[in-house]
Protein chains: 2
Amino acid sequence: MSTIEDVAKLAGLSRTTVSRVINNHPYVSEDKRKLVIEAMNQLGYAPNSLARSLRSQKTDMIALLIPRIINPFFSKLVESIEMYASEHGYQLIICQTRYSSEKELNYMNLLKTKQVDGVILASIQNDWEVLEPFLDYGPIVLCNEFNERANVPSVMLNQMYGGYIATKHLLEQGHRRIAYCCGSTRSNVASHREIGFRKALSEYGIEFDEQYAFRDALHSEDGRRVFHQMMSLSESPTAVFTGSDEVAAGMISEAKKHGCKVPEELAVVGFDNQTITELMEPTITTVYQPVEKMAQKALEIMIEKIHSRTYRQREVYEFPLRLIIRESTVSNKLTDQ
Amino acid sequence: MSTIEDVAKLAGLSRTTVSRVINNHPYVSEDKRKLVIEAMNQLGYAPNSLARSLRSQKTDMIALLIPRIINPFFSKLVESIEMYASEHGYQLIICQTRYSSEKELNYMNLLKTKQVDGVILASIQNDWEVLEPFLDYGPIVLCNEFNERANVPSVMLNQMYGGYIATKHLLEQGHRRIAYCCGSTRSNVASHREIGFRKALSEYGIEFDEQYAFRDALHSEDGRRVFHQMMSLSESPTAVFTGSDEVAAGMISEAKKHGCKVPEELAVVGFDNQTITELMEPTITTVYQPVEKMAQKALEIMIEKIHSRTYRQREVYEFPLRLIIRESTVSNKLTDQ
DNA sequence: CTGTTAGCGCGTTCAC
DNA sequence: GTGAACGCGCTAACAG
């Protein structure tokens, strides 16, 4: 457990010189540098980063707030952000809010207590007014999230466009009774998708029908449930737009179990392009989200903010989504890209 | 950006008293305590944890090393560990080694540089001799891993038993030509499963056949590939034990595509009990792993080690696995638990 | 080029 | 009950 002082003594030099060597400062003669390095090796010395951080007021740590990592979308996001972070010498602290505003606040305190240099919010539970004061302590970057009142950088995917192209695809296949099945409306991800969904509909002169709207579907079980809800309607939809491949898969599984043919009797679109889309039968038409790009951009912005020390500027970066057509919306023989 | 000094001044007291209030020390009169709290609120004061850590030699951070978080097994592990960690006031730093021994070493340095109080290894890339010296700087706990030469706590699942019960189940269904299809043999997880697989076979007087062994299957694509490799054998297996639900799903998908009936012509067992096992048709027989329990135990041990400051004791905690029988091994009509 | 010195913000003896 | 003073390990003036 040697300190810089020990190294200095062993090398017969001062702490300063050792520090200079550690930090690659100029103005250190080559022979002293050798001496220092020798001493460091001999002692197995490693600088104490706590002391460094206290001194330099930076931790090289970033907190990433997500609801739950088990969700494949967020796994992918964490995977990417961690990768880029470590490439740039930053460590990532993972913070699962589990949709609790209280937990979110606890994690935000990492910024106030100087444990991290910045916070990436990939999920927002509190009102922006509650979060805003934390900007006094460091940068906040929104990732896959957006808030009208937040004057901070926002890196996001064009969810509206995603909802639009998926729905338009269904319309082009001739469907007119199309159900909408997404997650909580609290997230602006879902609400943006709904806007795109509605836009496509209106372009075809179709009115949005509330009885075809399901706004609490997150998992495969929800897909199964919604399938039954749809089928019990007097006029069942012939197609459905879902906000997640898992939901789509659950729905398809249940449909098949009850003899409902996909896509002939019910066309289904998923979201995310997860592995499962190519494993199900039929394979699932879905919307691909360029998560890596978004992750990379979010980190890039974060690092820039940490250095520039100006946090309250609003900037929006948006990435386009892409429709991937598979069997769940187009009958087998006709499938083409 | 107020410090403890500012609070002290505003309250008309000394730093010491403020510190006592922060740390809930006794011997502070009630009125002074009120004064301090008032001042803290007024200033929006939050203690600087860097300074605290430097002083107290603890960071309340734990590093968790995994290969990649995208793997659902590790997602689940991270989810659980993070949950328990935050419950106990610890933050989790996520470290993806991506199977690189170099990256692993980089992350191990978090211990040496005092950025974390301990390291949980859920993946080991380096020889133990390389890792062992880090014990000078803090506790290491193995989670889902094991090393003969490592005198540290190990929390793991009984993978041998998992391989055994899955294989035995196939044998009981009458299968005699059973293929083995797992991931890299470098991990002792896979090798333990293979031991269990062989044990079951030998109990039925069957010899392990190397041509039925595939040891590089990790993803669904590998499942597809192995399916073809198996089918091209002069005597194809009638059943296969796989080390992952994804591999099993890929194999089943490919089998169906080529008119091979599951389970009638090929019975398939997966591993992990992931969502996909209930979405595929047929649903997939699999081995359930109590990841939460393992995670909780690993963290419990870690915290205990951090406090006790003795790191070099070997302890092994093992949790049993459980077979979940579904349609991919038992023909529909006969399915029972 | 090198060393001396002063904090970064906090917790903790040790006196009072 | 309370406060003065030291030091955790390091970096950055400043002086030489």
Side-chain angles (χ1 to χ4, degrees), chain A residues 1-37 39-40 43-61 109-117 136-138 309, chain B residues 1-37 39-40 43-61 109-117 137-138:
Chain A
M1 221 66 23
S2 49
T3 76
I4 199 171
E5 184 74 46
D6 302 330
V7 178
K9 261 186 214 149
L10 184 60
L13 296 165
S14 76
R15 297 213 311 254
T16 312
T17 307
V18 178
S19 171
R20 289 214 179 90
V21 172
I22 294 172
N23 298 290
N24 284 313
H25 273 261
Y27 306 130
V28 183
S29 66
E30 200 45 44
D31 34 341
K32 308 257 169 184
R33 158 171 275 112
K34 286 257 169 62
L35 234 50
V36 169
I37 290 176
M40 294 201 318
L43 292 172
Y45 169 79
N48 180 322
S49 21
L50 289 173
R52 287 186 116 175
S53 294
L54 179 60
R55 194 51 242 251
S56 61
Q57 304 285 20
K58 56 203 263 320
T59 61
D60 293 341
M61 301 240 184
N109 266 315
L110 291 172
L111 200 56
K112 200 169 174 182
T113 59
K114 299 285 165 210
Q115 295 187 76
V116 298
D117 292 341
D136 289 346
Y137 308 100
R309 301 182 167 280
Chain B
M1 220 66 25
S2 48
T3 75
I4 199 172
E5 184 74 46
D6 301 330
V7 178
K9 261 186 214 149
L10 183 60
L13 295 165
S14 77
R15 296 212 316 252
T16 312
T17 308
V18 177
S19 170
R20 287 214 181 91
V21 172
I22 293 172
N23 298 290
N24 284 314
H25 274 259
Y27 305 128
V28 181
S29 66
E30 199 44 45
D31 34 341
K32 310 256 170 182
R33 158 172 275 113
K34 286 257 170 64
L35 234 49
V36 169
I37 290 175
M40 294 202 315
L43 291 172
Y45 169 78
N48 180 319
S49 22
L50 289 173
R52 289 187 115 175
S53 294
L54 180 60
R55 194 49 242 253
S56 62
Q57 304 284 21
K58 57 203 260 323
T59 61
D60 293 342
M61 301 240 183
N109 265 315
L110 292 171
L111 201 55
K112 200 168 174 182
T113 59
K114 300 282 165 214
Q115 295 186 77
V116 298
D117 292 341
Y137 307 100

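Reminder, nothing fancy here: chain letters follow the sequence lines and each chain counts from 1.
Regarding B:K9, its NZ atom lies at a distance of 15 Å from the C1' atom of D:dA4, rounded to whole Å. As rounded to whole Å, 13 Å separates atom P of C:dT12 from atom CG of B:N24. For B:I22 and C:dC10, the CD1 to C1' distance is 8 Å, given to the nearest whole Å. In this structure, CG of B:L43 is placed 14 Å from P of C:dG9, rounded to the nearest angstrom. Going from atom CG of A:L54 over to atom P of D:dA12 covers 13 Å, rounded to whole Å. Distance NZ (A:K58) to C1' (D:dC10): 13 Å, rounded to an integer number of Å. Across the protein-nucleic acid pair, A:M40 atom CE and D:dG9 atom C1' stand 15 Å apart, rounded to whole Å. Atom OH in A:Y45 sits about 7 Å away from atom C1' in D:dG9, given to the nearest Å.
When heavy atoms are screened at a 4.0 angstrom cut-off, A:K114 is found touching no nucleic acid atom at all. Heavy atoms of A:P26 sit nowhere under 4.0 angstrom from any nucleic acid atom. Within 4.0 Å (heavy atoms only), A:R52 reaches sugar-phosphate atoms of the nucleic acid but no base atom.
For C:dC8, neither phosphate oxygen OP1 nor OP2 lies less than 4.0 angstrom from any side-chain nitrogen or oxygen of B:N48. Contact annotation: B:K32 side-chain N/O to D:dG1 OP1/OP2 distance is not under 4.0 Å. Residue B:Q57 places at least one side-chain N or O under 4.0 Å from the OP1 or OP2 atom of D:dG9.
Using modelled atom types, one finds no donor on one side chain facing an acceptor on the other under 3.5 Å when comparing A:E5 with A:T3.
Near DNA chain C, meaning a heavy atom under 4.0 Å from it, residues 11-19 of chain B has B:R15, B:T16, B:S19 in order of number.
Across every non-hydrogen atom of B:T59 and B:D117, the tightest pair is N-OD1, 2.8 Å. Between B:K112 and A:G44, the closest heavy-atom pair is CE-O, 3.3 Å.
Relative to the side chain of B:A51, the nucleotides D:dC10, C:dG11, C:dG9 differ in distance, and C:dG9 lies closest. For B:H25, taking side-chain heavy atoms from C-beta onward, the closest of the listed nucleotides C:dC10, C:dT12, C:dC8 is C:dT12. Checking D:dG1, D:dG9, C:dC10 against the side-chain heavy atoms of B:Y27 singles out D:dG1 as nearest. The side chain of B:R20 has C:dC14 as its nearest neighbour among C:dG11, C:dC14, C:dT2.
Using a 4.5 Å heavy-atom cutoff, the side chains of B:S14 and B:T17 are in contact. Under the 4.5 Å side-chain criterion, counting only non-hydrogen atoms from C-beta, A:D60 is not in contact with A:R52.
Between atom CZ of residue A:R20 and atom CG of residue A:L13 there is a gap of 11.0 Å, rounded to the nearest 0.5 Å.
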